[in-house]
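Here is the structure we will look at, set down as structure tokens.
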Amino acid sequence: MINPVWNPFSRYADKLEKKLDRLLRRVAFLGIFAAQEKILALMQEHLVIVNLWLEAKFKGYKYLSRSRRKRMYANAEKIAAAFLTFANASTIDLQRVKGKLASLGLPVPGAPGDDGKLVLLTQIMEFLRPHAGRFEYLEGASFGKLLTDPDRGEKMIGDCNQIVTFYAFLYSLKYPLQDLRIKLVPGHVCLHFKGIDVEATAGSFARYDKDAQVLPIVELIATNLLDVSDFRDKQIQVEPREFLRGAQLAYNLSSDRELVNKNLKAAYHNVAVESLKSQQFDTAVFFLEKAGLDSADEIQTLQTVYHNAVLYHVKQHSFSKARSYAGKSSEADLRKYVDEREALYLYEKGSLVRARELFERAGNGQMVKACYAKEYNALHSRVASLKDLALMRTHRSDYQKMLELAVKMEDQALADNLRRIIGQL
């Protein structure tokens, strides 16, 4: 059933992983029904691969390397083969099974084909029942702990989420997964088939009536994604954009809208912060707006984006972009900062008229005078060497302009000296 990838440089252990990854890159653009349909088809193809790849991708367990996943998929095939051998050799008293259901007050399915499905579920229970020696319950265990090598006599270890997932995998070897449901009760999940609860951790039929919620089997994936991580396994930091894809997938699969909305908002916020760190300011704003901006932290982060964007673009001399972000910010001083930095840049480049306008707008009178002074010095350099009155008269307009600048600089002594010179011309 598995289709390994033979490219030694690929990060995928199986072709289905690659197919699933392509789907994840598009998950934000899929509607809820399309996402559920596509994920269900991949689950039917090989539920173990789907679940383990998502666990590796979104829980970040260090031990789930490509080579380790490949071995685990091979182990899953061995367990599946052992189960089919077991099932072919077992004899199930169907009437006794139905009697047990009746004694628990559970319905007895009667549609065509239901007897075979009931037999298969019973065989799975017998195969994975704890006292059979193959499975051991461990609360909060990661899915990979189930995928042990039966040839070495290793026990499968898992919690309710993980063993329910493996029950569904074995069921999918013969029948469509959409036959099954999951039932959520506080702090627990069990398999559900046509009104019958299957307690996978004990390998028995059960009846949960109190505070129970029956959901489509595809929500098993969302339940596993949203479950707590196994504290016993070392984890690497999941990249914010990868975490976002997991949150978007869970959003499209889960009916727990409050939880998936909270996760999705957190994912948007994390991607915004990552984008801020890499100076992708428009992207940061986009994801913060997607998060809703309905908390003080998000609003403050948005203001930080605007602030950092102004500083970055000023440093790049992209003053129009800086001014655009400053206009969106609640910091009034940012607009003054952009004007002054652009004015200083223009001052140093010699664009004194525009520099002076910006300094005036920023209220920096000292630098306005500095602009006049720099303009005065440029004119003075043209006439400084002139001693002959005849030559000086040809530059009368320069002396006149210098006088105007001296007056604007409020340098009275300089202005008086220029008036004396002009009087001689």
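Sequence positions, counted from 1, serve as the residue numbers for this chain. Not measured: the values here are computed from a predicted model.
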Between [X] and [Y], does any side-chain N to carboxylate O distance fall below 4.0 Å?
{"X": "Lys78", "Y": "Asp149", "result": "yes"}
{"X": "Arg354", "Y": "Glu357", "result": "yes"}
{"X": "Glu298", "Y": "Lys265", "result": "yes"}

Test your reading of the model: is there a side-chain donor-acceptor pair from [X] to the backbone of [Y], 3.5 Å cut-off?
{"X": "Asn252", "Y": "Leu249", "answer": "no"}
{"X": "Glu340", "Y": "Asn364", "answer": "no"}
{"X": "Glu274", "Y": "Asn270", "answer": "no"}
{"X": "Ser254", "Y": "Ala250", "answer": "no"}
{"X": "Arg69", "Y": "Leu64", "answer": "yes"}
{"X": "Arg134", "Y": "Met156", "answer": "no"}
{"X": "Thr148", "Y": "Glu154", "answer": "yes"}

Modelled atom types, side-chain donor and acceptor of [X] and [Y], under 3.5 Å:
{"X": "Ser275", "Y": "Arg241", "value": "yes"}
{"X": "Thr301", "Y": "Gln303", "value": "no"}
{"X": "Tyr12", "Y": "Asp21", "value": "yes"}

Discussion item. Evaluate Arg129 against Phe135 for side-chain contact (heavy atoms from CB on, under 4.5 Å), listing each step before the verdict.
Written reply: CA-CA 7 Å; Arg129 193 168 283 146; Phe135 166 71; over 6 Å; no
Worksheet item: Considering the options Tyr167, Phe166, Tyr171, which one meets the ring-ring contact (aromatic ring centres under 6.0 Å, His included) requirement together with Phe169?
Response: Phe166
Working to the nearest 0.5 Å, report the span between [atom1] of [X] and [atom2] of [Y].
{"X": "Phe359", "Y": "Leu346", "atom1": "CZ", "atom2": "CG", "answer": "8.5 Å"}
{"X": "Leu42", "Y": "Leu177", "atom1": "CG", "atom2": "CG", "answer": "11.5 Å"}
{"X": "Thr201", "Y": "Gln162", "atom1": "OG1", "atom2": "CD", "answer": "12.5 Å"}
{"X": "Ile124", "Y": "Ile163", "atom1": "CD1", "atom2": "CD1", "answer": "10.0 Å"}
{"X": "Ser67", "Y": "Met72", "atom1": "OG", "atom2": "CE", "answer": "10.0 Å"}
{"X": "Leu24", "Y": "Trp53", "atom1": "CG", "atom2": "CH2", "answer": "8.5 Å"}

Would you find more than 12 non-hydrogen atoms of other residues, nucleotides or ligands less than 6.0 Å from [X] atom [atom1]?
{"X": "Lys321", "atom1": "NZ", "value": "no"}
{"X": "Lys38", "atom1": "NZ", "value": "no"}
{"X": "Arg152", "atom1": "CZ", "value": "no"}
{"X": "Arg341", "atom1": "CZ", "value": "no"}

Practice prompt. Would you mind telling me which of Ile196, Ile217, Asp197 makes a side chain to side chain contact (heavy atoms under 4.5 Å, CB included) with Leu191?
Written response: Ile217
Item to complete: Report the C-alpha distance between Tyr63 and Ser142 in whole Å, list the side-chain angles of each, state the deciding distance to 0.1 Å, and finish with yes or no for side chain to side chain donor-acceptor pair (under 3.5 Å).
Response: CA-CA 11 Å; Tyr63 78 95; Ser142 58; 3.0 Å; yes
Is there a side-chain contact between [X] and [Y] (heavy atoms, below 4.5 Å)?
{"X": "Asp209", "Y": "Arg207", "answer": "yes"}
{"X": "Ser255", "Y": "Glu219", "answer": "yes"}
{"X": "Lys174", "Y": "Lys117", "answer": "no"}
{"X": "Arg323", "Y": "Arg335", "answer": "no"}
{"X": "Tyr337", "Y": "Glu331", "answer": "no"}
{"X": "Gln36", "Y": "Ile39", "answer": "no"}
{"X": "Phe58", "Y": "Arg245", "answer": "yes"}
{"X": "Asp14", "Y": "Lys70", "answer": "no"}

Between [X] and [Y], which heavy-atom pair has the shortest distance, and what is it?
{"X": "Leu358", "Y": "Ala343", "value": "CB-CB, 3.6 Å"}
{"X": "Phe86", "Y": "Gln123", "value": "CE2-O, 3.5 Å"}
{"X": "Leu288", "Y": "Ala272", "value": "CG-CB, 3.5 Å"}
{"X": "Val48", "Y": "Ala76", "value": "CG1-CB, 3.9 Å"}
{"X": "Leu40", "Y": "Val218", "value": "N-CG2, 4.2 Å"}
{"X": "Asn161", "Y": "Thr165", "value": "O-OG1, 2.8 Å"}

Discussion item. Using side-chain contact (heavy atoms from CB on, under 4.5 Å), reason through Lys336 and Asp339 one step at a time and then give a plain yes or no.
Written reply: CA-CA 5 Å; Lys336 178 180 177 182; Asp339 284 344; 5.7 Å; no
Item to complete: Assess whether side-chain contact (heavy atoms from CB on, under 4.5 Å) is satisfied between His188 and Val185, documenting all intermediate values.
Response: CA-CA 5 Å; His188 189 61; Val185 295; 3.4 Å; yes
Taking the six-membered ring for Trp, are the ring centroids of [X] and [Y] within less than 6.0 Å of each other?
{"X": "Tyr345", "Y": "His317", "result": "yes"}
{"X": "Tyr208", "Y": "His192", "result": "no"}
{"X": "His313", "Y": "Tyr325", "result": "yes"}

Item to complete: May I have the step-by-step check of side-chain contact (heavy atoms from CB on, under 4.5 Å) for Arg181 and Lys194, ending in yes or no?
Response: CA-CA 8 Å; Arg181 302 284 186 273; Lys194 294 194 171 183; over 6 Å; no
Discussion item. Please verify the inter-ring angle class for Tyr73 with His46; under 30° counts as parallel, over 60° as perpendicular, anything in between as tilted.
Written reply: tilted
Fill in: Chi angles and distances behind the side chain to side chain donor-acceptor pair (under 3.5 Å) call for Glu55, Asn224
CA-CA 8 Å; Glu55 188 166 273; Asn224 290 337; over 6 Å; no
